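The structure under discussion appears below in the form of structure tokens.
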Amino acid sequence: STGFLDGKRRLLNVAISRAVHSFVVIGTMEIFERNPASPLGILGRALFSKGYELGDVTGNWAADTTLVLRGKRISSVSDHHALLDEALASLETGEEIVIVSPYLSQAGVNAPELQDKIRQAVGRGGVVSIVTRALKAPGYPTGTTPACRHALEEAGAKLHTIKRLHSKTLMTRSFIAEGSFNWLSVMRDKPEGANLDTSWVLTGEDAHKAAREAIDELNSLLKINQPSTEIGQGIIAAFVSQGAE
């Protein structure tokens with residue numbers, strides 16, 4: 001709200017006319033364009049016609065892009081797989097990626113692109129944590145089978161299971177993506193046969209907080225059957241180093 005600044009011309013006039021050496025406006029410049037006939041609209045025209053916007057003022061500050069919550073929606077199979085592949089490819093020593101995919105498929109986990117990128121990420125010292133459903137769910141063509149688990153563990157991933165898991169989440173130090181896409185069951189070579197699934201990819205400090213909440217939720221469920229298991233520590237450590245805590 002612009003409050004009294006845009007309500008009474010005399011008040012704004014007094015504020016401006018009392019300036020002895022300079023009159024400085026700090027704010028969002030677009031406010032001046034909302035109503036050209038308003039007091040602020042008139043002030044805006046005067047400022048931009050007779051003054052200028054300063055860029056070198058001591059203390060001039062803008063929010064770092066890592067702090068601002070930003071999101072994008074993805075819906076295609078190729079975009080989802082590209083996000084996963086890029087996240088694995090950027091994993092460095094001590095960093096972690098958490099892939100929450102309730103259902104697995106042989107075609108999904110044995111895709112050469114996925115296998116190669118998991119091996120490379122682990123080879124660089126990264127941690128690939130996969131959380132999936134504990135048992136093959138009745139009525140579903142896919143699920144956690146010994147063959148699927150073996151293929152992922154052979155590539156170097158760490159497998160964790162939760163009985164009643166249905167979340168589909170991808171987390172790194174940079175983002176959290178959540179939606180309806182099963183990251184490790186959808187076939188890469190037959191995207192036309194896949195369901196329409198969407199995910200929101202969020203970055204920024206609030207995204208870090210959301211990822212921390214998701215990690216805590218998963219760990220609380222994992223401790224029921226696997227007391228010594230804890231995932232996401234490589235992500236939380238990255239948040240701390242970035243100052244997000």
Side-chain angles (χ1 to χ4, degrees), residues 74 77-134 142-162 165-179 181-188 199 201-203 207-208 210-223 225-226 228-242:
I74 58 175
V77 171
S78 60
D79 283 346
H80 279 94
H81 284 145
L83 181 68
L84 174 57
D85 290 348
E86 184 178 347
L88 286 167
S90 63
L91 206 63
E92 299 294 342
T93 303
E95 295 179 353
E96 184 174 359
I97 182 173
V98 174
I99 307 168
V100 184
S101 184
Y103 307 112
L104 310 176
S105 72
Q106 290 284 355
V109 301
N110 287 316
E113 303 96 317
L114 176 68
Q115 291 280 317
D116 289 345
K117 285 189 167 51
I118 291 177
R119 288 192 176 91
Q120 292 165 6
V122 173
R124 292 192 301 273
V127 178
V128 179
S129 297
I130 297 173
V131 184
T132 188
R133 203 174 177 96
T142 56
T144 301
T145 64
C148 289
R149 288 181 63 97
H150 181 72
L152 291 169
E153 289 172 337
E154 278 288 296
K158 296 183 177 181
L159 267 289
H160 310 278
T161 56
I162 294 175
L165 179 70
H166 203 256
S167 296
K168 293 92 175 177
T169 308
L170 180 65
M171 291 179 281
T172 71
R173 62 183 173 83
S174 303
F175 68 85
I176 176 172
E178 287 193 303
F181 186 78
N182 272 294
W183 298 95
L184 301 177
S185 70
V186 179
M187 291 185 290
R188 293 173 179 244
S199 298
V201 185
L202 303 177
T203 59
H208 292 170
R212 179 64 180 266
E213 290 177 3
I215 289 169
D216 288 344
E217 288 171 351
L218 291 168
N219 281 326
S220 67
L221 293 173
L222 287 169
K223 287 179 181 178
N225 296 314
Q226 306 167 51
S228 61
T229 298
E230 220 175 28
I231 64 167
Q233 301 313 299
I235 295 176
I236 293 173
F239 293 165
V240 174
S241 68
Q242 293 172 11

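Basis for what follows: all heavy atoms, side chains included, without hydrogens, waters or symmetry-related copies. Since the structure is predicted, the reported quantities are computational estimates derived from the model, not experimental observations.
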Min side-chain heavy-atom separation L114-W183 under 4.5 Å:
no
Pairwise side-chain contact, I231 with M171, heavy-atom cut-off 4.5 Å (strictly under):
no
Is a side-chain donor or acceptor of E92 paired with a backbone partner of R124 at a separation under 3.5 angstrom?
no
For the residue pair I236 and R212, establish whether any side-chain heavy-atom pair is separated by less than 4.5 Å.
yes
Determine yes or no for a side-chain-to-main-chain donor-acceptor pair under 3.5 angstrom, with K168 supplying the side chain and H166 the backbone.
yes
Please evaluate residues L104 and L152 with respect to the criterion side chain to side chain contact (heavy atoms under 4.5 Å, CB included), reporting the C-alpha separation (whole Å), side-chain torsions for both, the decisive distance (0.1 Å), and the verdict.
CA-CA 10 Å; L104 310 176; L152 291 169; 4.1 Å; yes
Distance, nearest 0.5 Å, that separates CD of E230 from CG of L218
11.5 Å
Is there a donor in the side chain of E95 and an acceptor in the side chain of T172, or the other way round, less than 3.5 Å apart?
no
State, with a plain yes or no, whether a side-chain heavy atom of P102 is found less than 4.5 Å away from one of N182.
yes
Would a distance-only check, ignoring hydrogens and angles, find a side-chain to backbone donor-acceptor pair under 3.5 Å from T132 to S101?
yes
Less than 4.5 Å apart, any side-chain heavy atom of V77 and any of R188?
no
Kindly say whether A155 contributes a backbone atom to a donor-acceptor pair with the side chain of R119 at under 3.5 angstrom?
no
Quick check for you: to the nearest 0.5 Å, what is the distance between E153 atom CD and I130 atom CD1?
9.0 Å
Which heavy atom of A238 sits nearest to which heavy atom of R173, and what is that distance?
CB-CB, 3.4 Å
Could you tell me the separation between the CD atom of E86 and the NZ atom of K117, rounded to the nearest 0.5 Å?
10.5 Å
Counting only N and O atoms by type, is there a donor-acceptor contact under 3.5 Å from the side chain of E96 to the main-chain atoms of V127?
no
Looking at A121 and V128, what are the two nearest heavy atoms and their distance?
CB-CG2, 4.2 Å
Here the gap from E154 atom CD to I118 atom CD1, rounded to the nearest 0.5 Å, amounts to 12.0 Å
What closest approach, in Å, do K223 and T229 show between heavy atoms, and which atom pair accounts for it?
CG-O, 4.2 Å
Provide the closest heavy-atom pair for A151 versus N110 in the form atom of the first, atom of the second, distance.
CB-OD1, 3.3 Å
Look up atom OG1 in T169 and atom CD1 in I99, then write down how far apart they are to the nearest 0.5 Å.
11.5 Å
Looking at NE2 of H81 and CG of L184, how far apart are the two atoms once the value is rounded to the nearest 0.5 Å?
8.0 Å
Would you say that L84 contacts I97 through its side chain, given a criterion of any heavy-atom pair below 4.5 Å between the two side chains?
yes
Geometric class of the H80/F181 ring pair [parallel <30°, tilted 30-60°, perpendicular >60°]
parallel
